[in-house]
Amino acid sequence: MMQNYQTNFLFVFIGMLAFTASFHSNGQELKVFTLADFDLHGTVKSCLVVTDYGKEEFDFDELGFLTKSVTRYNDSDYDITYYKYRNGDVLEKRLENYREGVFDKSTSIANIYEIDTTANKRIIEKIYSYNKDFLDQYEYIYNAKNKLVAIKRSNNDGIDETTISYSRYKNENTKTYFLNETIQKSIRTSIKKKRSGTYEIRLTKEYLDGKPNKAQEQWFTKDGVLLSEEKFEYDSQEKSFVTASSVHYVYDDKGMLSRVNTKKDGLEETKEYIYQYDNEEGGNWVKQIITPDNAYTTRKITYYQAEGVEEEE
């Protein structure tokens with residue numbers, strides 16, 4: 001089954017470095033990447049992704065955790081990120097930048113994590129430059145149910161604190177983020193049953209300086225497959241959200257994205273997705289074509305093999 005990220009697949013890989021250069025943006029949870037985040041299945045060892053605008057390389061350990069990612073702009077300019085884990089938690093992440101084939105120490109950084117589980121879980125993230133300059137520290141604090149409830153950021157400019165609250169009303173669960181006591185975002189999740197099935201509806205509202213700014217409503221199947229999303233902009237005069245765009249996703253009998261219908265500014269656009277698969281068990285796709293753009297993505301995938309069996313290239 002395709003993962004929710006798939007609709008933006010072509011935008012994931014080029015620019016993935018900016019996303020994985022830090023597991024978070026300010027005030028967001030830590031994210032650990034696995035095979036599932038890249039729509040990969042089985043005993044994948046590495047995946048080379050080639051599009052018409054660049055290359056990405058991803059290496060995974062035998063548990064499926066991402067251990068290395070490489071963004072190649074050309075033969076001499078590239079960025080490498082390394083990840084180390086323990087018991088499913090990240091311990092270290094290092095971003096190394098190379099320009100004209102030379103390691104750029106001034107722009108490379110290291111993220112070091114300390115995990116304390118003696119009481120409620122607490123993670124300390126310290127970020128340093130390769131010149132050993134301190135840049136940032138994040139402290140992630142969890143409650144007794146292992147839910148993230150606070151993120152404290154400290155650096156030379158001071159301290160910021162993001163708090164996360166959880167509430168429930170009837171069949172709705174709401175998660176709300178506050179930065180220094182000013183609301184930043186809320187995510188309300190509810191379940192709706194229809195004749196066609198059971199769906200999860202996720203309404204995300206974002207705020208700017210504590211005021212409504214934009215929103216997004218997403219519909220998922222009970223298995224977490226994204227079916228549609230509608231984006232809204234806030235009309236300050238009408239004091240309400242108005243639709244900016246809507247997208248509907250269609251999947252084939254393998255669960256792969258086959259069509260995307262987008263409506264925006266009175267215009268409608270349809271894109272079709274075509275795949276070719278490898279012969280391995282689990283059937284990872286190795287080529288994706290999007291029409292009518294004729295944009296393409298190819299993937300070269302290698303697998304871990306049973307002991308004593310040579311790995312096929």
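The figures that follow rest on heavy atoms only: side chains count, while hydrogens, waters and symmetry mates do not.
- A 4.5 Å side-chain heavy-atom check between Leu66 and Lys68 finds every atom pair outside the cut-off.
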Residue pair Asn173, Tyr166: steps toward the side-chain contact (heavy atoms from CB on, under 4.5 Å) verdict: CA-CA 7 Å; Asn173 292 293; Tyr166 302 83; over 6 Å; no
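- Both Val260 and Phe220 belong to a single network of hydrophobic side chains, linked directly or stepwise wherever heavy atoms of I, L, V, M, F, W or Y lie under 4.5 Å apart.
- The distance from atom NZ of Lys264 to atom CD of Glu269, rounded to the nearest 0.5 Å, is 10.5 Å.
- A salt bridge links Arg122 to Glu139: at least one charged side-chain nitrogen sits closer than 4.0 Å to a carboxylate oxygen.
- We find the CD1-CG distance between Ile187 and Leu203 to be 10.0 Å, quoted to the nearest 0.5 Å.
- Of the possible polar contacts, none joining the Asn131 side chain to the Asp133 backbone as a donor-acceptor pair under 3.5 Å is found.
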Would you sort out whether Lys231 and Glu229 count as a salt bridge (charged side-chain N to carboxylate O under 4.0 Å, His left out), showing the intermediate values? CA-CA 7 Å; Lys231 294 184 178 180; Glu229 55 187 349; 5.5 Å; no
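- Relative to the six-membered ring of Tyr277, Lys254 meets both conditions, a distance below 6.0 Å and an angle of at most 45° to the axis.
- Using a 4.0 Å cut-off between charged nitrogen and carboxylate oxygen, Glu96 and Arg94 do not count as a salt-bridge pair.
- Residues Asp293 and Lys271 are paired through a salt bridge, judged by an N-O separation under 4.0 Å between the basic side chain and the carboxylate.
- In this structure, the side chain of Asp209 does not engage the main chain of Lys211 through any donor-acceptor pair within 3.5 Å.
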Test Glu56 against Thr71 for side chain to side chain donor-acceptor pair (under 3.5 Å), laying out the working first. CA-CA 5 Å; Glu56 292 278 353; Thr71 301; 2.9 Å; yes
Go through it in stages, so that I can follow the logic: the residues are Val90 and Lys84, the test is side-chain contact (heavy atoms from CB on, under 4.5 Å), and I'd like the CA-CA distance, side-chain angles, deciding distance and then a yes or no. CA-CA 6 Å; Val90 63; Lys84 291 184 180 180; over 6 Å; no
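- Minimum heavy-atom separation, Val286 to Asp278: CG1-CB, 3.8 Å.
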Could you check Glu206 against Asn213 for side chain to side chain donor-acceptor pair (under 3.5 Å), going step by step and ending with a plain yes or no? CA-CA 6 Å; Glu206 297 184 24; Asn213 182 36; 5.5 Å; no
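- Ser196 and Tyr199 form a side-chain donor-acceptor contact under 3.5 Å, judged by distance and modelled atom types alone.
- A donor atom on one side chain and an acceptor atom on the other are found under 3.5 Å apart for Asn261 and Thr270.
- By the 4.5 Å heavy-atom criterion applied to side chains, Ile80 and Phe103 are not counted as neighbours.
- The hydrophobic clustering, which links ILVMFWY residues whose side-chain heavy atoms are closer than 4.5 Å, places Tyr249 and Tyr273 together.
- A side-chain donor-acceptor contact under 3.5 Å links Asn284 to the backbone of His41.
- Atom CZ of Arg86 has 12 or fewer heavy atoms from other residues, nucleotides or ligands within 6.0 Å.
- Looking only at distances, a side-chain donor or acceptor of Asp77 sits under 3.5 Å from a matching main-chain atom of Glu100.
- Between Cys47 and Leu40, the closest side-chain pair of non-hydrogen atoms falls below 4.5 Å.
- Judged purely by atom type and a 3.5 angstrom limit, Asn143 uses its side chain to pair as donor or acceptor with the backbone of Lys147.
- Ion pairing between a basic and an acidic side chain is recognised when a charged N comes within 4.0 Å of a carboxylate O; Glu57 and Arg72 show such pairing.
- No side-chain heavy atom of Tyr138 sits under 4.5 Å from any side-chain heavy atom of Leu30.
- Expressed to the nearest 0.5 Å, how far CD1 of Ile183 lies from CG of Leu208 amounts to 12.5 Å.
- Atoms CD and NZ, from Gln137 and Lys152 in turn, are 10.5 Å apart once rounded to the nearest 0.5 Å.
- Within 6.0 Å of CG in Asn87 there are 12 or fewer heavy atoms belonging to other residues, nucleotides or ligands.
- Taking the six-membered ring wherever Trp is involved, the centroid distance between the rings of Phe58 and Phe38 falls below 6.0 Å.
- The backbone N or O of Trp285 sits less than 3.5 Å from a side-chain atom of Arg299, completing a donor-acceptor pair.
- By the 30° and 60° cut-offs, the orientation of the rings of Tyr85 relative to Tyr83 is parallel.
- A salt bridge is defined here as a Lys NZ or Arg NE, NH1 or NH2 lying under 4.0 Å from an Asp or Glu carboxylate O, and Lys121 with Asp116 fails to meet this definition.
- At a threshold of 4.5 Å between non-hydrogen side-chain atoms, the residues Asp160 and Leu179 count as touching.
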Step-by-step salt bridge (charged side-chain N to carboxylate O under 4.0 Å, His left out) determination, Asp59 to Lys45: CA-CA 6 Å; Asp59 292 348; Lys45 183 177 183 179; over 6 Å; no
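- Without hydrogens or angle criteria, Thr43 side chain to Tyr304 main chain gives a donor-acceptor distance under 3.5 Å.
- In this structure, Arg99 contributes its side chain and Tyr78 its backbone to a donor-acceptor pair below 3.5 Å.
- Residues Val32 and Ile151 are members of one and the same hydrophobic cluster, defined by side-chain heavy-atom contacts under 4.5 angstrom among Ile, Leu, Val, Met, Phe, Trp and Tyr.
- Nearest heavy-atom pair across Ser186 and Thr176 is CB-OG1, 4.0 Å.
- When the shell of 6.0 Å around CD of Glu268 is examined, it contains more than 12 heavy atoms from other residues, nucleotides or ligands.
- The hydrophobic cluster containing Leu226 also contains Met256, counting ILVMFWY residues as joined when their side-chain heavy atoms lie under 4.5 angstrom apart, directly or transitively.
- Both Phe60 and Tyr303 belong to a single network of hydrophobic side chains, linked directly or stepwise wherever heavy atoms of I, L, V, M, F, W or Y lie under 4.5 Å apart.
- Atom-to-atom distance recorded for Ile191:CD1 and Thr198:OG1 is 7.5 Å, nearest 0.5 angstrom.
- Within the 4.5 Å cutoff, side-chain heavy atoms of Ile289 are placed close to those of Lys287.
- Side-chain contact between Leu148 and Tyr142 is present, with heavy atoms from C-beta onward closer than 4.5 Å.
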Verify side chain to side chain donor-acceptor pair (under 3.5 Å) between Ser46 and Thr302, making sure each step is shown before the conclusion. CA-CA 5 Å; Ser46 65; Thr302 58; 2.4 Å; yes
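- Judged by the 6.0 Å distance and 45° axis criteria, Lys105 is not positioned over the aromatic ring of Tyr130.
- Across all non-hydrogen atoms, the minimal contact from Lys214 to Phe241 is C-CE2, 3.6 Å.
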When you look at Asp136 and Arg153, which way does the side-chain contact (heavy atoms from CB on, under 4.5 Å) test go after all the steps? CA-CA 7 Å; Asp136 261 317; Arg153 178 188 183 187; 3.1 Å; yes
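- At distances below 3.5 Å, at least one donor-acceptor pair connects side-chain atoms of Asn97 with backbone N or O atoms of Thr107.
- Between the CD atom of Glu200 and the CD atom of Gln218 there is a distance of 9.5 Å, given to the nearest 0.5 Å.
- Judged purely by atom type and a 3.5 angstrom limit, Asp265 has no side-chain atom pairing as donor or acceptor with the backbone of Leu267.
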Is there a side chain to side chain donor-acceptor pair (under 3.5 Å) between Ser106 and Asp104? Walk through the geometry before answering. CA-CA 6 Å; Ser106 64; Asp104 187 350; 2.7 Å; yes
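- Side-chain contact between Ser108 and Leu95: absent, with no pair of heavy atoms (C-beta onward) separated by less than 4.5 Å.
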